[in-house]
Amino acid sequence: MAAFPTAEACDSNAELISNGDLRALHPIFKIYGQRRCFSGPIVTLKVFEDNVLVRNQLETKGEGAVLVIDGGGSTRCALVGGNLGQLAQNNGWAGILVNGCVRDVDEINDCDVGVRALGSNPLKSSKKGHGEKNVPVYIGGTLIRDGEWLYADSDGILISKTELSV
C-alpha cells in the first residue's frame, strides 16, 4: 500500500483518468489525524446521523484499509469522534473518509490515522444501528465502490478501481 503524491498519481495515470478508473473527489474535505498521506482498499458504509455501524466496523481489524462513510453529507452531528479515531488506530485502519462531521478534533489529531471529513460538530449521533455496509456510495462527485482504492494527501483524494503503482 504505497502512498505517493496524488498529483504524481494523476500525472502518471492519464489513461485511467480518461476512462474513469481513477477519479478525484471534489475538494470539500478537511484534513484531520496525524497521517496527512494515506491509502488503502476501501470498505464502505452508508449511514445517516447514526454511528453504530461505524463503531462496529472500526472494532474489526482494518489491515490498512480505509473506511469510507457516506453520512449523507449531514453536518448536524458527528459520526466519528476521538474514541473511534483511537479505535481505528489500534485496529490498523489507514484512514477514514466521512461524508459528514467529526468531533473531538484534538483527540483525532493525536491519532496515527488519516481522517477526512466535511467539518466538525460537537453533537453526537444517534445510536439506532441503521445503515448499510459494503454498498456503493456517492461522495464528492463520484461513485465509490467497496474494494476500490483510496489515495489521500494534502492535494486531495483519489479513488481508483485498482491499486496504483508508482
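Quick caveat, the model's predicted, so the values are computed rather than measured. Counting begins at 1 with the first residue of the sequence.
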Q: Treating S125 as the side-chain partner and N51 as the backbone partner, does any N or O pair qualify as donor plus acceptor under 3.5 Å?
A: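 Such a contact is found between S125 side chain and N51 backbone.
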
Q: Ignoring hydrogens and angles, tell me if any N or O in the side chain of R23 forms a donor-acceptor pair with the backbone of L143 under 3.5 Å.
A: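 Yes: the side chain of R23 pairs with the backbone of L143.
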
Q: Could you report the tightest heavy-atom contact between E59 and L87, atom names first, then the distance?
A: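 The answer is CG-CD2, 3.5 Å.
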
Q: Where the side chain of D104 meets the backbone of G82, is there a donor-acceptor pair that is under 3.5 Å apart?
A: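 Here the side-chain-to-backbone pair exists.
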
Q: Would you kindly confirm whether I159 and F29 end up in one hydrophobic cluster when ILVMFWY residues are joined by side chain heavy atoms under 4.5 Å apart?
A: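 Shared cluster, yes.
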
Q: Hey, what do you get for CD (Q86) to CG (D112), rounding to the nearest 0.5 Å?
A: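 Between Q86 CD and D112 CG, I get 10.0 Å after rounding to 0.5 Å.
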
Q: So does H130 get a backbone contact from the side chain of D50, meaning a donor-acceptor N/O pair under 3.5 Å?
A: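 Yes, because the side chain of D50 sits within donor-acceptor range (under 3.5 Å) of the backbone of H130.
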
Q: Once you round to the nearest 0.5 Å, how far does CG of N99 lie from CG of L45?
A: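 Those atoms lie 12.5 Å apart.
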
Q: F38 and side chain to side chain contact (heavy atoms under 4.5 Å, CB included): which partner among D153, I96, V113, L150?
A: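 Only one of D153, I96, V113, L150 forms a side chain to side chain contact (heavy atoms under 4.5 Å, CB included) with F38, namely L150.
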
Q: For the CG atom of L22 and the SG atom of C10, what is their distance to the nearest 0.5 Å?
A: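 Atom-to-atom, L22:CG and C10:SG are 5.5 Å apart.
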
Q: Is there side-chain contact between V135 and D146, with at least one heavy-atom pair below 4.5 Å?
A: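 No - every pair of side-chain heavy atoms lies 4.5 Å or more apart.
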
Q: Restricting to non-hydrogen atoms, name the atom on Y138 and the atom on D70 that form the minimum distance, rounded to 0.1 Å.
A: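 Closest approach of Y138 to D70: O-OD2, 3.8 Å.
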
Q: Using the side chain to side chain contact (heavy atoms under 4.5 Å, CB included) rule, pick out the option among V80, V137, L97 that qualifies with I69.
A: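 For I69, the side chain to side chain contact (heavy atoms under 4.5 Å, CB included) test succeeds with only one of V80, V137, L97, which is V80.
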
Q: What is the distance from atom OG of S160 to atom OH of Y151, rounded to the nearest 0.5 Å?
A: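 That separation rounds to 5.5 Å.
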
Q: Looking at R103 and P122, would you say the former's side chain and the latter's main chain have a donor-acceptor pair under 3.5 Å?
A: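 Yes: the side chain of R103 pairs with the backbone of P122.
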
Q: Do any N or O atoms from the side chain of T60 and from the backbone of Q57 form a donor-acceptor pair under 3.5 angstrom?
A: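 Yes; at least one donor-acceptor contact below 3.5 Å.
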
Q: With rounding to the nearest 0.5 angstrom, report the OH to CD distance, Y32 to E107.
A: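 The OH atom of Y32 sits 14.0 Å away from the CD atom of E107.
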
Q: What distance separates I42 CD1 from L67 CG, expressed to the nearest 0.5 Å?
A: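 If I round to the nearest 0.5 Å, the distance is 10.0 Å.
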
Q: Shortest non-hydrogen contact from A117 to G100?
A: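 Of all heavy-atom pairs spanning A117 and G100, the closest is CB-O, 3.6 Å.
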
Q: Is K127 salt-bridged to E49, cutoff N-O under 4.0 Å?
A: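 Result for this pair is no, no salt bridge flagged.
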
